[in-house]
2 protein chains.
Amino acid sequence: MSTIADVARLASVAKATASRALSGKGYVSEETRARVVSAARTIGYVVSPNAASLVTGRTKSVGVIIPFINRWFFAEVLEGIEIALLEQGYDMTLYNLPAASPERDRIFEYFLARKRFDAVISVGVALSETEVDQLHRLGRPLVGIGGPIRGVHTIAIDDVEAARLATEHLLSLGHVDIVHVGGVLVDEMDFEVHSNRLRGFTSAMTHAGLSTDGCFYASEFTLPGGYERGMEVLGDPRRRPTGIFAACDEIAVGIIVAARELGISVPADLSVIGIDGHPYADMFRLTTLEQHPREQGRLAVVSLLAELDNPTDHHAAGELTELPPRLVMRASTSGPRART
Amino acid sequence: MSTIADVARLASVAKATASRALSGKGYVSEETRARVVSAARTIGYVVSPNAASLVTGRTKSVGVIIPFINRWFFAEVLEGIEIALLEQGYDMTLYNLPAASPERDRIFEYFLARKRFDAVISVGVALSETEVDQLHRLGRPLVGIGGPIRGVHTIAIDDVEAARLATEHLLSLGHVDIVHVGGVLVDEMDFEVHSNRLRGFTSAMTHAGLSTDGCFYASEFTLPGGYERGMEVLGDPRRRPTGIFAACDEIAVGIIVAARELGISVPADLSVIGIDGHPYADMFRLTTLEQHPREQGRLAVVSLLAELDNPTDHHAAGELTELPPRLVMRASTSGPRART
DNA sequence: GCGATCTCTGGAATCGGTTCCATGAAGTTG
DNA sequence: CAACTTCATGGAACCGATTCCAGAGATCGC
């Protein structure tokens, strides 16, 4: 391994000059710069980020905390973050933090407390105040995705609004027997996301003068979860809703699969709407409210880098950037069949 | 931020002693160790991994190269890797390397060539010889998952065998009109996986005295991909196979969905078998050959750490660890209906 | 024409640890 | 009791960069 001293020697300059020439900061004549660069190339020199960050304090890498990898929303966010970071020469270290666990404390104390990261992104993890403080004390920017954390800039869709729009879509089509299949409320993944979507649903229903008693079913945010719940909700023909608002597209698709198995026609006998914009939505002709997780990941990175470049003003700290969900109509929703 | 010098001062010892006390290497009396540890605790000291790795050469982190995040197999592998690494106090830096691209060269030259990682795991990426050499020159262990790389220890299922077993399962049930829906062969993701599965299929068919002309369809490894291909394969009732071997479960499920839409009964009119052990398999009652991506990720980490502990012998270099796929029978396969 | 500013370069300090080496005390062996 | 070995500790070098500071020419304004 060659060091910058080797480069300096070969180019007959001091280490200081070689460093300036390669980093592009400070005065270096064009001629010596060229000589240093070529010297570096011939011996295949690459900087040691460790040594550099030891003195600069910057590591050019950010830590990402995420509860799942194998879930559409989270994987998309991750890809968005990764692409944006790579573009800026940063790399991404991943901590898969499943839930409250001993692991969790270890990650915070052992990994994040060390100054290995320039910044931290928390995706869909409800951080405790202690944890937020811990990260803030490092003086590193912290941004969240997916739900509000006190005092932390967070990027998310407006969940209440999205749920309200979805429910109102069904209401406007004439449905009155509507069920919401949403996330488990006391889930580790609940980050006000589940409760907010339920709130949007309830608000829209109440506003339309409808009761929501017995209209909520909790499900995992997966296709099999939706399928199971679908079988349960649709199993009894006497008390079957005409419209279902699913908290995510995978649940919605699971419900559609269940409906097909039960011989219930979508949308003639049952309208289904989801939230996400999952690739499956098109295939199952699912009406949905699109959010764009990749874009959310990208925005988090943009916000982070802005704060890194401008450490003085905490411009966006505690602020919530809410992205507007967009209704995409497909063939899974229509007016209810006239009742006998 | 407190340094080890602060700890040393507080405990009235030299930096060297403090370092030994905290790392547990070298002679330190029990009494002073306790004093140092308590001093470290009171001022909330944490080591700077940068400074440490500058002198030790170890970073306690590994780089992972992966072409997709949002695909079941890859996400599972990632979770397996992450859990295993965390357990050992390592962390994981992710490079999402979509395909041959300028990005790819940048990642190799800019990120991996620097000595930031103790080891590298390549998941489902066919590395070129140059790239392998580049990594080997770093003297860092390199292990692959998902397909053989020349001179690199790789962990994978035996794809040829898995495909042969799947095909033979259909053959043994009495099917003769069998189609294989597999991966695109000149895909960036092909890593001999697609071609090996096709080879296993062809081998089993040929062995049974059956032709494979026109029996191969290429699909994306996704549910919508399988659905599209399913519509195509099953669309024409006159030349419809009675059995389909899908190269992965998502394709298989897509085909089942297509079959249901076309009114084709599974398994009465059509048997479908996949490879993976995807969570959807159970819901769609899909017969499949299970592989265990999480376990593959874990094994890669084990192999890596073994080599790190024992740098002298390249025990597993170039070796291929092949995991046995296991047939899980569900209700998507049965004998073909008697032909008229 | 002369001090002030700008450009270029090298020496040395620094970041925060680990580890080699020297020193000395205590314990062991023959 | 002399000669080793083992244990415990401190001083100093070192890992590989960046950056501060000083000094030397060149340029510039007045």
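A note on names: the letters A, B, ... follow the listed sequences, proteins ahead of strands, and every chain is numbered from 1.
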* Expected output: side-chain A:Ser19 to main-chain A:Lys15 donor-acceptor under 3.5 Å -> no
* Asked: So, the side chain of B:Asp309 versus the backbone of B:Ala306: is there a donor-acceptor pair under 3.5 Å, distance only?
  -> no
Residue [X], side-chain heavy atoms: nucleotide from [options] that is nearest:
| X | options | value |
| --- | --- | --- |
| A:Val13 | D:dA17, C:dT18, C:dG10 | C:dG10 |
| B:Tyr45 | D:dG16, C:dC8, C:dG17 | C:dG17 |
| A:Leu54 | D:dG16, D:dT9, C:dG17 | D:dG16 |
| B:Val28 | D:dT9, C:dG17, D:dG10 | D:dT9 |
| B:Thr56 | C:dG17, C:dT18, D:dG10 | C:dT18 |
| A:Thr32 | D:dT18, C:dT9, C:dG10 | C:dT9 |
| B:Ser29 | C:dT18, D:dA8, D:dC21 | D:dA8 |
| B:Ala51 | C:dG17, C:dG11, D:dG11 | C:dG17 |

* To do: Could you tell me whether B:Arg71 sits above the aromatic face of B:Phe68, with NZ or CZ closer than 6.0 angstrom to the six-membered ring centre and within 45 degrees of the axis?
  => yes
Measure the distance from [atom1] on [X] to [atom2] on [N] and round it to the nearest whole Å.
| X | N | atom1 | atom2 | value |
| --- | --- | --- | --- | --- |
| A:Asn50 | D:dT18 | CG | P | 13 Å |
| B:Asp6 | C:dC15 | CG | P | 11 Å |
| A:Arg20 | D:dA17 | CZ | P | 16 Å |
| B:Lys60 | C:dT18 | NZ | C1' | 15 Å |
| A:Glu30 | C:dT9 | CD | C1' | 16 Å |
| A:Arg9 | D:dG16 | CZ | C1' | 13 Å |
| A:Arg58 | D:dT19 | CZ | P | 11 Å |
| A:Lys25 | D:dC20 | NZ | C1' | 15 Å |

* Asked: Any side-chain donor-acceptor pair under 3.5 Å between B:Ser61 and B:Thr93?
  -> no
* **Presence of B:Ser19 side-chain N/O under 4.0 Å of C:dT19 phosphate oxygens OP1/OP2** => no
* To do: Look at A:Tyr27 and C:dT7 and indicate whether a side-chain polar atom (N or O) is within less than 4.0 Å of OP1 or OP2.
  => yes
* Asked: Going from CD1 on B:Ile69 to CD on A:Glu79, what distance comes out if it is rounded to the nearest 0.5 angstrom?
  -> 5.0 Å
* Asked: Of the options B:Leu127, B:Leu304, B:Thr154, B:Ile121, which is the one that meets B:Leu142 in a side-chain contact (heavy atoms from CB on, under 4.5 Å)?
  -> B:Leu127
* Along DNA chain D (nearest heavy atom to each residue), the more 5'-positioned of A:Thr3 and B:Arg33 -> B:Arg33
* Asked: 5'-most contact on DNA chain D: A:Val46 or B:Gly26, nearest heavy atom basis?
  -> B:Gly26
* **Presence of donor-acceptor pair under 3.5 Å, side chain of B:Lys15 and base of D:dG11** => no
